[in-house]
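Presented below is the structure to which this report refers.
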Amino acid sequence: MKKTLLILVFSLFSLSVMAQDVTLRQDNIDEVLSQLSLKEKATLVVGAGYKSMLAGIFGFKTPVPGAAGMTRAVPRLGIPAVVLSDGPAGVRIEPRRKGSKETFYCTGFPIGSLLSSTWNTELVEQVGAAIGHEALEYGVDVLLAPGMNIQRNPLCGRTFEYFSEDPLLSGKVAAAYVRGVQSQGVGTSVKHFAANNQETNRFWNDSQVADEPLRDIYLKNFEIAVREAQPWTVMASYNRLNGIHTQEDKWLLTDVLRGEWGFQGLVMTDWTGRRNTASQIAAGCDLMEPGNGSQIRELVRKVKKGELTEAELDLCVRRVLELVVKTPTFKGYKPSLKPDLKADAVVAREAAEEGIVLLKNASGTLPMAVGTSVALFGVGSYQLLPGGTGSGHVHRPYVVNLDEGLSGEGFHIQESLASLYRRHLEKNPPRKTFTSSMLGSPGSPEMPLSRSTVEAAVQEAEVAIVTLSRQAGEGGDRHLEDDFLLTNAEKRMLLDVCEVFHGIGKKVIVVLNVGGVVETASWKHLPDAIVLAWQPGQEGGNALARILSGSVCPSGRLPVTFPADYFDLPSSANFPYDYSGPGSMAGGSARYNDVKNVGYTVYEEGLDVGYRYFDKPGSPAVSFPFGFGLSYTSFELSEPVYAGDTVSVTITNIGKVAGKEVVIIKDPILRAFGKTRLLQPCESQTLNLIIQDHETRTD
Ligand code: BGC
């Protein structure tokens, strides 16, 4: 009897020693899973709250202040907390830390719309690699990017973060971005899955989309990114889709994403806060962000009551562990906190140069000879907006403004005009709010411009540049008046500058420093040239100057249609273009469920998104079509030769300067695209492009 007791005590002792000894490794996830208590399991699927995000404002101590979120650790089993950080145009972390003199700036890359305007997936991959490397060196494990919702309507407040109205371009660019970031051993989170196409009432808005457009447009881009690049994570959106919150939609997150597309990674929520956590877990949403302790208790309770099975929870826990073991933090990587910001600035500039789109160039206005004296109008000429606000904001070390870029390139800036603008900017700095140190702020208001100021400027300048700027960001949509449409002050400025400069035979160039489409049809006849700079990142002024001087030949093409009139867009009536209620940074409300375009939005236009509609016979003429963009040289393209799933096109530069050309194969929808290397005059290149099979679904 004594002997049996001894053996029992000994076995219990060794069991507990064994349990103590289990430490997470890449190859023992099952074993670790079996050692976790129910509470620990629940802990792992609930993020660590807002502490890291708010560290900059409240001075909290966290591994990476300003990172959007973290997971929770279970130290007894060697499971560390991992760091999740925004965002699409560069890593968003706090640039300063309490008690440290060092700075932690990240490169401000161009916005998504500009990256897709390059039509150059290799270049986007390089951008991704540079962002991924900065994430790695600052201690970030998963980058919450790219944003890749379809640009359904230009008034969506976040279109600047997204890539295109077309799912193939969007999916391919997203896949390239993901490959780039993940080549550095850091994860991505493609977002916001899915049909998150407006910001108004964003926690509750129900996107009502029929099966065909849902599959072929709003899911197709995610499908391409998942199949081609296997992002480590996917972020489920705030909104509802056909009545169900995407984060609780088992069909979307499990049947389609995992079952049909073979997604291997983890799904996390967008920064929702508390919802029905058990339904989220049951749907296959693995990680609740930013996470709240009450969600842990809720999960434990629900499992105990049999309202959620432990097996369902285990599936999610397993995926959290599978993510954790891939991360630099788990692997013990020691971030240097010193990424090569100089090298990355070059990548940012080169990307901007390739994504800037030349929309108009009457009688060879551009390029301008270096040394030309230029009168710069519009506050944006002196305060370039490098990116949008919200989680897409980046704390970059500097921004090169247009005046600085032009001076650096050898142009003369008309100083008396410049000093008026600089004084205006000193008196009207960008508006600061509680969150602006974290999420960025809108630019300064436009300076009222008198006709006499323009008349004085024309005496000393050979050319005028008028910069028109727009800012937007998450939590609110753009408006039709004074945003999509030019403001009265902008119209007056443009008219006066054009009349006065044209009056004595001098040229006018418009630079559009915008995150999304603006109305152009009513005024595009006025200036001699129009350059769409988008929001080109911290190197924007340099990139623009090099385009304007001809150091770089423009090769960007539009990833989205510029309609002649907002109401020509088939989605126009089913979008909150006239909404004037509260913003939805922190949510929205179920109270509006019955309000059209606020509580629910019907995607009545079906497949008629962008060029799919405007290319049809009888559709209204557009201002600038999808794929449009001018160059300083000309190209000759051979007839496409089809062989199996490949199409070959030979491109020859028949102009006078070196340039790159984009090849777009549509029949009638985009099937393939590619971009040449820099071709010298008379040089040719054959591109062999893979035709995308649009019938990849298996339902
Ligand atoms: C945004 C996400 C972002 C998250 C964390 C949310 O409000 O929708 O895109 O990644 O915040 O900052």
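Computed from a prediction, not measured in an experiment: that's the story for all the values here. Counting convention: from 1, in listed order, for ligands and their atoms alike.
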message = Which residue is it: Glu137, Glu102, Glu134? I am looking for the one with a salt bridge (Lys or Arg N to Asp or Glu O under 4.0 Å) to Lys338.
response = Glu102

message = Check for me whether Glu289 has a heavy atom closer than 4.0 Å to any atom of ligand 1.
response = no

task = Would you tell me whether Glu474 and Ser391 have side-chain atoms, one donor and one acceptor, within less than 3.5 Å of each other?
result = yes

message = Under a 4.0 angstrom heavy-atom cut-off, which atoms of ligand 1 come close to Arg202?
response = 7 (O), 8 (O)

ask   = Do you know the tightest heavy-atom contact between Asp477 and Glu199?
value = OD1-N, 2.9 Å

ask   = Closest non-hydrogen protein atom to atom 5 (C) of ligand 1, residue and atom name please, with distance?
value = Asp86 OD2, 3.3 Å

query = What part of Arg92, side chain, backbone, both or neither, has a heavy atom within less than 4.0 angstrom of ligand 1?
reply = side chain

request  = Just jot down the ligand 1 atoms closer than 4.0 angstrom to any heavy atom of Met235, in number order.
outcome  = 10 (O)

inquiry  = Which residue is it: Asp249, Leu219, Val226, Leu252? I am looking for the one with a side chain to side chain contact (heavy atoms under 4.5 Å, CB included) to Leu257.
reply    = Val226

query = Near Arg158, which atoms of ligand 1 are under 4.0 Å from a heavy atom of that residue?
reply = 1 (C), 2 (C), 8 (O), 9 (O)

ask   = Short list, please: which atoms of ligand 1 are under 4.0 Å from a heavy atom of Ala68?
value = 5 (C), 12 (O)

query = Taking distance alone, with no angle check, do Tyr238 and ligand 1 share an N/O pair under 3.5 Å?
reply = yes

note = Counting from 1 in the order shown, the ligand 1 atoms closer than 4.0 Å to a non-hydrogen atom of Lys191 are 2 (C), 3 (C), 9 (O), 10 (O)

message = Check this for me, if you would: do Glu223 and Arg227 make a salt bridge, where the nitrogen-to-carboxylate-oxygen distance has to be below 4.0 angstrom?
response = yes

query = Are Arg152 and Tyr162 in a cation-pi setup, meaning NZ or CZ lies under 6.0 angstrom from the ring centre and within 45 degrees of the ring axis?
reply = no

Tyr218 ring center near Tyr603 ring center (under 6.0 Å) = yes

inquiry  = Are Phe60 and Phe58 an aromatic pair, judged by ring center distance below 6.0 Å?
reply    = yes

note = Looking only at protein heavy atoms, what sits closest to atom 9 (O) of ligand 1 is His192 NE2, 2.7 Å

request  = Indicate the ring-plane relationship of Tyr177 and Phe163, choosing parallel, tilted or perpendicular according to the 30° and 60° boundaries.
outcome  = tilted

Structural part of Glu199 in contact with ligand 1, heavy atom criterion under 4.0 angstrom = neither

query = Nearest non-hydrogen atom to atom 4 (C) of ligand 1 belongs to which of Thr272, Asp270, Leu144?
reply = Asp270

inquiry  = Under a 4.0 angstrom heavy-atom cut-off, which atoms of ligand 1 come close to Ser391?
reply    = 1 (C), 2 (C), 3 (C), 9 (O), 12 (O)

query = With a 4.0 Å heavy-atom cut-off (strictly under), which part of His393 contacts ligand 1: side chain, backbone, both or neither?
reply = neither

